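In this text, all values refer to a predicted model and were calculated from it rather than measured experimentally.
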Amino acid sequence: MAAELSNLEQIRIEKIHALREQGVEPFPSRAERTHTAQVAIEAFEAIEGYENAAPLIVTLTGRLRSMRPMGKITFAHIEDGTGRVQLFLRLNDVGEEALQFFSRNFDLGDFMQATGSMFRTRTGEATVRVEAFRMLAKAVTPLPAAKDEIVDGEIVQHATLNDPETRFRQRYADLAINAEVRAAFRTRSAILRALRDFMDSEGFLEVETPILQPIYGGAAAQPFVTHHNQLKQDLYLRISFELYLKRLLVGGFEKVYEIGRDFRNEGVSFKHNPEFTQLEFYWAYADYEQVMALTEQMLAFVADRVFGKRTFMFKGQEINLDPPWQRVELRQGLLDKLGIDIQDHPTSESLAGAMKAQGIDSPPGATRGKLIDLLGSAYLEPTFIQPTFLYNYPRDISPLAKSIPGDPLTVERFEGFIGGMELCNAFTELNDPLDQEARFVEMGRDYDAADEEHHPIDEDYLRAMRYGMPPNGGFGLGVDRLVMLLTDQHSIREVLLFPHLRNKE
RNA sequence: GGGCGCGUAGCUCAAUGGUAGAGCAGUGGCCUUUUAAGCCAUUGGUUGCGGGUUCGAGUCCCUCCGCGCUCACCA
């Protein structure tokens with residue numbers, strides 16, 4: 001035995017041996033079930049008013065979640081994927097031997113099967129009067145103590161697993177005892193389903209592009225590096241889908257989207273996990289204004305699906321997803337907030353000077369775009385609680401976006417914010433291969449200047465563009481952050497089933 | 001990576017530098033409609049790892065490990 005087992009576990013292992021000695025297999029291969037918990041209760045409630053109705057006999061399966069032995073009777077609850085049902089084991093019904101067998105060998109957390117007729121107890125709970133029961137899977141490790149009761153349909157917890165580290169490292173235990181955690185992940189699944197349904201209904205084709213890439217790109221992030229042994233080739237885990245999805249526009253697909261995992265080898269925080277889920281789409285012949293409108297429709301659609309309404313609570317504030325969202329031009333927003341007109345400051349030196357006049361420090365070596373981005377992050381974004389589009393970004397931090405006609409410093413790009421958190425990023429995509437190549441080279445220079453790792457130029461992507469790429473609008477959405485908002489969770493770890501944690505020892 | 005905080009029984013938490021405790025869970029017993037069932041008894045600890053100060057360390061100091069918050073980073 002590799003792991004050191006606690007007393008509690010030793011006792012349960014002894015019960016496994018004891019069961020086998022009695023000829024009872026504690027891990028049988030098959031189970032029978034006629035009803036889920038929910039269906040059993042509904043079926044019972046449908047007939048219980050009728051005097052002549054035959055008793056409803058059910059066979060339920062589930063996990064033993066509570067036990068209240070009272071001598072010659074025992075009450076218990078089993079829980080399955082649909083809910084809980086109370087079991088009532090009485091000496092008169094099952095016999096002394098079976099009752100003793102139950103109390104000696106069954107523990108909280110075990111999976112079992114129980115057969116009997118439904119009735120209502122004095123205290124009014126729909127309950128199975130058990131006639132036969134069977135072990136389905138013995139639990140060796142006790143579930144963390146979890147005591148709760150259901151008051152008016154709401155689960156009130158009196159004791160539970162609380163330590164975030166244990167909850168995330170042993171998510172299985174967290175899920176097993178915390179129904180609201182299960183509910184949050186059901187909501188996550190519903191959100192994913194709604195996003196796909198929306199994209200499909202808008203005529204977008206779902207595609208899959210490489211996760212292992214010889215050259216990474218499409219975002220400014222450090223990649224994870226891995227290695228193909230036989231090919232003797234280093235490969236990168238993708239940091240975005242962008243460059244592959246836009247290759248598909250060259251190939252003739254006009255509307256494509258992908259939902260999948262991105263990997264960024266950077267800091268971990270309440271809103272950053274090394275791997276995270278993104279939705280990206282590319283839409284031929286559309287521009288960023290159309291993408292903005294589609295974004296509003298998309299999130300309204302998701303809210304309708306998940307909540308049946310367009311408002312939800314996040315950090316104690318009601319957020320309304322009804323279109324249209326507030327729109328703030330980056331230049332105007334900064335002018336209103338700080339009195340700095342970025343249009344008057346075409347160089348980083350000039351802008352840094354204007355910032356200093358306001359008492360705002362600027363990091364040495366930052367480009368003009370970087371400074372503008374810092375100002376937006378610090379002074380505008382946190383104020384965007386209600387859904388807001390911030391639009392028209394500096395060109396030098398947006399190498400894949402198209403310039404605004406007549407304004408070479410600014411590109412047609414927007415980011416969407418809700419609850420003060422960046423949710424999505426989109427632009428009218430650059431489709432001029434010569435301009436794109438120049439931007440890549442320029443980026444390389446900026447990176448060198450900042451002494452950062454050089455970004456590799458994706459020559460194959462440039463070749464694809466030279467074949468001709470239709471004008472298009474592109475979009476990326478942080479799905480985990482959307483789930484955080486819609487489930488009122490304030491850490492990305494709460495919406496990832498298995499968030500990244502450091503190795504212990 | 002920086003700052004702050006935390007780490008005690010399976011779980012949730014106590015313990016002025018002076019014999020490590022409680023509730024729940026577990027074990028034994030009583031109890032034939034309970035529901036955080038109740039009552040009686042009882043088991044359970046390398047106080048995250050390692051070092052130091054001290055007559056004496058869960059408590060004070062240091063290294064390390066992990067977690068949380070926060071800052072930095074994140075086109």
Pairwise [atom1] distance for [N] and [M], with rounding to whole Å:
{"N": "rG48(B)", "M": "rG7(B)", "atom1": "P", "result": "8 Å"}
{"N": "rG23(B)", "M": "rG38(B)", "atom1": "C1'", "result": "15 Å"}
{"N": "rU53(B)", "M": "rC67(B)", "atom1": "C1'", "result": "28 Å"}
{"N": "rG45(B)", "M": "rA15(B)", "atom1": "C1'", "result": "14 Å"}
{"N": "rG2(B)", "M": "rA72(B)", "atom1": "P", "result": "16 Å"}
{"N": "rA9(B)", "M": "rG58(B)", "atom1": "C1'", "result": "14 Å"}
{"N": "rG17(B)", "M": "rU12(B)", "atom1": "C1'", "result": "27 Å"}
{"N": "rG28(B)", "M": "rU43(B)", "atom1": "P", "result": "15 Å"}

Between [X] and [N], does any side-chain N or O lie under 4.0 Å from OP1 or OP2?
{"X": "Asn265(A)", "N": "rC73(B)", "answer": "no"}
{"X": "Lys147(A)", "N": "rG23(B)", "answer": "no"}
{"X": "Arg502(A)", "N": "rC65(B)", "answer": "no"}
{"X": "Arg68(A)", "N": "rA37(B)", "answer": "yes"}

Just name whichever nucleotide pairs with [N], Watson-Crick or G-U, keeping both distances under 3.5 Å, else none.
{"N": "rA20(B)", "value": "none"}
{"N": "rC4(B)", "value": "rG68(B)"}
{"N": "rG26(B)", "value": "rU42(B)"}
{"N": "rU63(B)", "value": "none"}
{"N": "rA9(B)", "value": "none"}

Looking only at N and O atoms, is any donor in the side chain of [X] or the base of [N] less than 3.5 Å from an acceptor on the other one?
{"X": "Gln86(A)", "N": "rU34(B)", "value": "yes"}
{"X": "Asn92(A)", "N": "rU32(B)", "value": "yes"}
{"X": "Arg122(A)", "N": "rU33(B)", "value": "no"}

Quick one: which of [options] gets closest to the side chain of [X]?
{"X": "Glu165(A)", "options": "rA37(B), rC67(B), rA75(B)", "result": "rC67(B)"}
{"X": "His272(A)", "options": "rU27(B), rC73(B), rA25(B)", "result": "rC73(B)"}
{"X": "Arg169(A)", "options": "rA75(B), rG66(B), rU12(B)", "result": "rG66(B)"}
{"X": "Lys370(A)", "options": "rC74(B), rU27(B), rU33(B)", "result": "rC74(B)"}
{"X": "Met70(A)", "options": "rC67(B), rA37(B), rC11(B)", "result": "rA37(B)"}
{"X": "Ser491(A)", "options": "rU27(B), rC69(B), rU32(B)", "result": "rC69(B)"}
{"X": "Ile11(A)", "options": "rA37(B), rC11(B), rG26(B)", "result": "rG26(B)"}
{"X": "Lys15(A)", "options": "rC74(B), rU27(B), rU12(B)", "result": "rU27(B)"}

Mind checking [X] for me? I need base, sugar-phosphate or nothing, with any heavy atom below 4.0 Å counting as a touch.
{"X": "Leu143(A)", "value": "nothing"}
{"X": "Phe119(A)", "value": "base"}
{"X": "Leu8(A)", "value": "base"}
{"X": "Pro69(A)", "value": "base"}
{"X": "Lys271(A)", "value": "nothing"}
{"X": "Ser398(A)", "value": "nothing"}
{"X": "Arg90(A)", "value": "base"}
{"X": "Tyr393(A)", "value": "nothing"}
{"X": "Arg413(A)", "value": "sugar-phosphate"}
{"X": "Arg129(A)", "value": "base"}

| request: Using atom CG of Asp107(A) as one end and atom P of rG26(B) as the other, report the distance to the nearest whole Å. | output: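 The answer, rounded to whole Å, is 7 Å.
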Distance in angstrom units between Asp163(A) CG and rG48(B) C1', rounded: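 Atom CG in Asp163(A) sits about 12 Å away from atom C1' in rG48(B).
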For a 4.5 angstrom cut-off between non-hydrogen side-chain atoms, does Met118(A) reach Thr127(A)?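 Not touching, per the 4.5 Å side-chain cut-off.
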Note to self: Distance to the ring centre below 6.0 angstrom and angle to the axis at most 45 degrees; does that hold for Arg171(A) and Phe498(A)?
What the structure shows: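 Negative - Arg171(A) is either too far from the ring of Phe498(A) or too far off its axis.
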Any idea how Phe417(A) and Phe384(A) line up, ring-wise: parallel (<30°), tilted (30 to 60°), or perpendicular (>60°)?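 Plane angle between 30° and 60°, so tilted.
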Requested in this report: Please work out which of the three classes, parallel, tilted or perpendicular, describes the rings of Tyr461(A) and Phe440(A), given edges at 30° and 60°.
Outcome: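 Taking Tyr461(A) first and then Phe440(A), their aromatic rings sit tilted (interplane angle of 30° to 60°).
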Centroid-centroid distance, Tyr257(A) to Phe475(A), less than 6.0 Å: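 Centroid separation for Tyr257(A) and Phe475(A): 6.0 Å or greater.
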If you count heavy atoms of other groups shown closer than 6.0 angstrom to CD of Glu97(A), is the number above 12?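 Atom CD in Glu97(A) is not crowded, with 12 or fewer foreign heavy atoms closer than 6.0 Å.
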Q: Would you sort out whether Glu412(A) and Thr428(A) count as a side-chain hydrogen bond (donor to acceptor under 3.5 Å, both in side chains), showing the intermediate values?
A: CA-CA 6 Å; Glu412(A) 296 190 354; Thr428(A) 305; 2.6 Å; yes
Q. When you match Thr166(A) and Ser66(A) each to their closest nucleotide on RNA chain B, which lands nearer the 5' end?
A.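 Residue closer to the 5' terminus by nearest nucleotide: Thr166(A).
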Quick check: on RNA chain B, is the nucleotide nearest Pro142(A) upstream (toward 5') of the one nearest Glu266(A), or the reverse? Name the residue that is more 5'.
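In this pair, the answer is Pro142(A).
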For the pair Arg413(A) and Glu415(A), find out whether any cationic side-chain nitrogen is under 4.0 Å from an anionic carboxylate oxygen.
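Looking at Glu415(A) together with Arg413(A), the answer is yes, because their closest N to O distance falls below 4.0 Å.
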Quiz item: Taking the side chain from Gln213(A) and the backbone from Pro210(A), do they hold a donor-acceptor pair closer than 3.5 Å?
Solution: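 Checking the backbone N and O of Pro210(A) against the side chain of Gln213(A), a donor-acceptor pair under 3.5 Å is found.
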